[in-house]
Structures are given as structure tokens and as C-alpha cells.
Amino acid sequence: MKILVLNCGSSSVKYQLINTETQVAMAKGLVSRIGMADSVLTHKPWDRPEIKVSAEILDHIAAIEFVVSMLLSPNHGVIKDKSEIEAVGHRVVHGGEEFKDSVLITPELMSHLRALIELAPLHNPHNIRGINACQKTLPNIPQVAVFDTAFHCNMPTHAFIYGIPYLFYKRYGIRRYGFHGTSHKFVSDRAAAMLGKPLKDLKLITCHLGNGASVAAVNCGVSIDTSMGFTPLEGLLMGTRSGDLDPAIILHIMAREELSLHEGNTMLNKHSGLAGISGVSSDMREIIDAANKGNENSKLALEVYCYRLKKYIGAYVAALGGVDAIVFTAGVGENSAPVRSLTCQGMEFFGISINEEKNKVAVSKEMDISADGAKVRTLVVPTNEELVIAIDTQRLAKGN
Ligand code: ADP
């Protein structure tokens, strides 16, 4: 099946057209700056160079129409007729407690999705906008919602309850949900294949290190704990998000700086993390460059980033009662030898030890970078969240 996979943000739409038979992305791209006069579409057919087109794209409907026209374009397209797109898979960030698996989108389901906006006001409204836009641009084909939270839905209660009055869990659904589920699931499956063992016999710690970052403890294929919580703000230090901090700090800064709720939110989500500590960038490549040139705050940001991750790995070894493999994935995890090296240093005690030569050449490819004889394997696994979404979409579109 040819499936259009969409990830709709507030002013962007990321897309891939995936052929599920070959598991190859026929084309991929990004519409950015939606709603502004200088929107940009970047489009890459699998067999031709990337192109960039500027246009005025006022909303998500116009963005998806533009994407479809690009997929059909005689010069840059990969299909001849719109009807070749057989289904659409949407990444939906929050599925709450209700959605433990992907679902076929129906009018009734939309009201359930709208009810979840309260849990993820920064993400779900844009996902819903994308679904509505597709219903107009690509009517009469199945659309499926694939949730970032679903893979974590079997976490034990003691891992998802916070230390605040229990009534807030009952009243507002305040609990750990976890995110990046499609990625943690994909790399867990690949890790089992690389190790030549069934997933049900493995204890894995999967580190998804992209702009957002999270780590998961995966026992026998089930996520039993993860670092992101009620929202994607908790846990590791990220590009622009703070990750874990003493909750009283938020109240203190908001009071001292007289910040509104919106400003407090923006400070924690957009001006913190690597960007906040370094004052240089949210991009790990630029942080490492600056650190190498002697920028002290960039060096500090890198150290805090890796130290946090190391602490989570230690905690999850304890939660799992041991570990067979540590898996690094996403932009930083797949590409950054210094981050993997700094994170794994000093964990020989656990049996975690990497081969620096292998680590250096492990760039965007599946590789076992463990030192010879290390008890715990350390793996680099490129993630493919879009493929997970496409495969789930196919399953539901076919009525399974
Ligand atoms: P997203 O969360 O947006 O999907 P990605 O998984 O693509 O993000 O990760 C993006 C991040 O990956 C960038 O911000 C950058 O910091 C990091 N990255 C990409 N390549 C490298 C590299 N060679 N070295 C270090 N970091 C990298």
C-alpha cells in the first residue's frame, strides 16, 4: 500500500509517502512557516535531488494540498494519480489512557481526540488540524491516528503515579504517559533482530535523542518506565526543553520575573535545555563545535546532557533488574559519537563499555559499538517512526 504519513505541528507539516511493500519512503518533505507569507516546502523524491519551493501557505489545508500536488508533479512527483494514496497515517502526540493502540479515524473518534486537547494543548490541536485538512483534501480514504503514548500504556502504576494528591490523577488524568513510543518500539524490535534474540527475552534501555529526547526501560518488549511524563517536558535535557527540575523553581522564577502562565511555559519549552545553558544553540552539532572551541557554557551543556542520560540509564538498570543492551537513536543518538562516549564513560561497573573506534564510525547506521567482551551490548539504531505509522495504518486500513 502507498501510505501518506503526516506529522502536523503548529506551523509545519512533515510528510512521507511510504510504500509498505518495499518499506521505502517514495518521497519525504516538510512544509514550514505555515500561516506566514514566506512558507517553504522542502521535497525529496527518493531518486531525485531535494527541491525547495517558497509560497504563501496560509493553513494546514493549503499545506496538504501543496504536498499532494508535489507528489503528483511531473518533475518532482512519485505518483501519477491521487487515488494511488490509499490511506493516511497521522502521528498524534497524546492518546491519554484511552488509546492503547492506533485507531481508525471516525467522526465519533474525533470528539475523543478533541477531549484529549486538555492533556496536550501544545501538540494535539495541530494533529487534529492535520486530520481535518486531510478529510477535505483526501476524502474517502482511511485515516489512522498513531499515538506517541501508546507504547508506554502498560507501565505499572508505581511508575506512572506522581507524588501529588491522588485525586489529581482521578480528576485531571495527571500521570506519566510517556512519548516517542513509535520510536522506542521500532528500535526495540531492531535491537532484538540485531542481537538475534526474541524481544520477550530482552531487557533494553532505548535512548531517543532528537530535538526532544526520552529514554525508556523496555522489559520483554513492554515499556515499564520512561523519562517523559505528563507532557514531553520531563526527563532528559533537550534542545530547548528543561527536562527534570525542582518544581518549586518554576514557581520561584515566575514570581520573581512576574511571568504569566504562557511565558513560564515558553521559558521551559523554548528557552531552556541545551539552548538555555549554552546560550549558543539547541543543536548538538553547534554545541559540540563551540565546546571544542573553548566555549565554557557549551561544554557545560554537553556535560549536563550526558550526565542526565547516564543517571537515567543507571536508574533503569535498577528498574529492569539488569540490562542486555543500551540503544542510541534519533538525530543525536544516531550521529554523535561524543555524546555516546561521554554518556557511557564510567559505566563499566554495569558491564557497559564501548569500542571508541566503532563508536566513531557509527553514523546513521545500525551498528554494535560495544567493546569486545562487554556484558551489555551498546547499539546504534536509526529510528523510523514513519514506517511504524505506515505499517499500523495499513493494518487498520485493512480492518485488522
Ligand atoms: P526531531 O526530534 O526534530 O525529529 P531529530 O531526531 O532529527 O529531531 O534530531 C535533530 C537533532 O539531531 C538536531 O537538533 C541535532 O542536534 C542532532 N544531530 C543531527 N546530526 C548530528 C550530529 N552529526 N552530531 C550531533 N548531533 C546531531
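Whatever order the structure lists ligands and atoms in, that order sets their numbers, starting from 1.
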TODO: Check whether the side chains of Glu356 and Ser341 place a donor and an acceptor atom closer than 3.5 Å, and report yes or no.
DONE: yes
TODO: Identify the protein heavy atom lying closest to atom 4 (O) of ligand 1, giving its residue, its atom name and the separation to 0.1 Å.
DONE: Lys14 NZ, 3.6 Å
- [ ] Could you tell me the residue and atom name of the protein heavy atom closest to atom 26 (N) of ligand 1, and the distance to it rounded to 0.1 Å?
- [x] Met284 CB, 3.5 Å
Open item on the list: Looking at non-hydrogen atoms alone, which of Ser364, Ser282, Gly9, Ser336 comes nearest to atom 25 (C) of ligand 1?
Closed with: Ser336
Open item on the list: Check this for me, if you would: do Asp289 and Lys293 make a salt bridge, where the nitrogen-to-carboxylate-oxygen distance has to be below 4.0 angstrom?
Closed with: no
Open item on the list: Give me the nearest non-hydrogen protein atom to atom 23 (N) of ligand 1 as residue plus atom name, then the distance to 0.1 Å.
Closed with: Asn335 CB, 3.3 Å
Task: Sub-4.0 Å heavy-atom contact, Met238 with ligand 1 - done: no
Task: Protein residue, atom and distance nearest to atom 17 (C) of ligand 1, heavy-atom basis - done: Val332 CG2, 3.6 Å
- [ ] Please determine if Arg308 forms a cation-pi arrangement with Tyr305, meaning its NZ or CZ atom is less than 6.0 Å from the six-membered ring centre and no more than 45° off the ring axis.
- [x] no
Open item on the list: Among all the protein's non-hydrogen atoms, which is closest to atom 13 (C) of ligand 1, and how far away is it?
Closed with: Asn211 OD1, 3.8 Å
- [ ] Please determine if Arg176 forms a cation-pi arrangement with Phe160, meaning its NZ or CZ atom is less than 6.0 Å from the six-membered ring centre and no more than 45° off the ring axis.
- [x] no
TODO: Provide, to 0.1 Å, the distance between atom 24 (N) of ligand 1 and the closest protein heavy atom, together with that atom's residue and name.
DONE: Arg285 CG, 3.4 Å
Open item on the list: Geometry only, no angles: is Leu209 polar-contacting ligand 1 at N/O separations under 3.5 Å?
Closed with: no
Open item on the list: Using heavy atoms and a 4.0 Å limit, tell me yes or no: is Gly212 in contact with ligand 1?
Closed with: yes
- [ ] Please could you name the atoms of ligand 1 that Ala330 approaches to less than 4.0 Å, counting only its heavy atoms?
- [x] 6 (O)
Open item on the list: We want to know whether Glu348 and Ser353 form a side-chain donor-acceptor pair, criterion being a heavy-atom distance below 3.5 angstrom.
Closed with: no
Task: Electrostatic pair Arg377-Asp324, nearest N-O below 4.0 angstrom - done: no
Task: Lys14/Glu386 ion pair, N-O < 4.0 Å - done: no
Task: Audit row: Glu84, Lys2, salt bridge (Lys or Arg N to Asp or Glu O under 4.0 Å) steps and yes/no - done: CA-CA 7 Å; Glu84 288 180 52; Lys2 288 176 192 153; 2.9 Å; yes
Open item on the list: As an exercise, identify every atom of ligand 1 less than 4.0 angstrom from a heavy atom of Gly210.
Closed with: 2 (O), 5 (P), 6 (O), 8 (O), 9 (O)
Open item on the list: Quick one about Asp283 and Ser281 (side-chain donor to acceptor, distance below 3.5 Å, no hydrogens or angles considered), yes or no?
Closed with: no
Open item on the list: At under 4.0 Å between heavy atoms, is it the side chain or the backbone of Glu385 that contacts ligand 1, or both, or neither?
Closed with: neither
Open item on the list: So, regarding Gly331 and ligand 1 (criterion: nitrogen or oxygen to nitrogen or oxygen, under 3.5 Å), is there a contact or not?
Closed with: yes
TODO: Look at atom 15 (C) of ligand 1 and say which protein heavy atom is nearest, naming residue and atom and giving the distance to 0.1 Å.
DONE: Asp283 OD1, 3.3 Å
TODO: Classify the side-chain pair Ser214/His184 by whether it contains a donor and acceptor separated by less than 3.5 Å.
DONE: yes
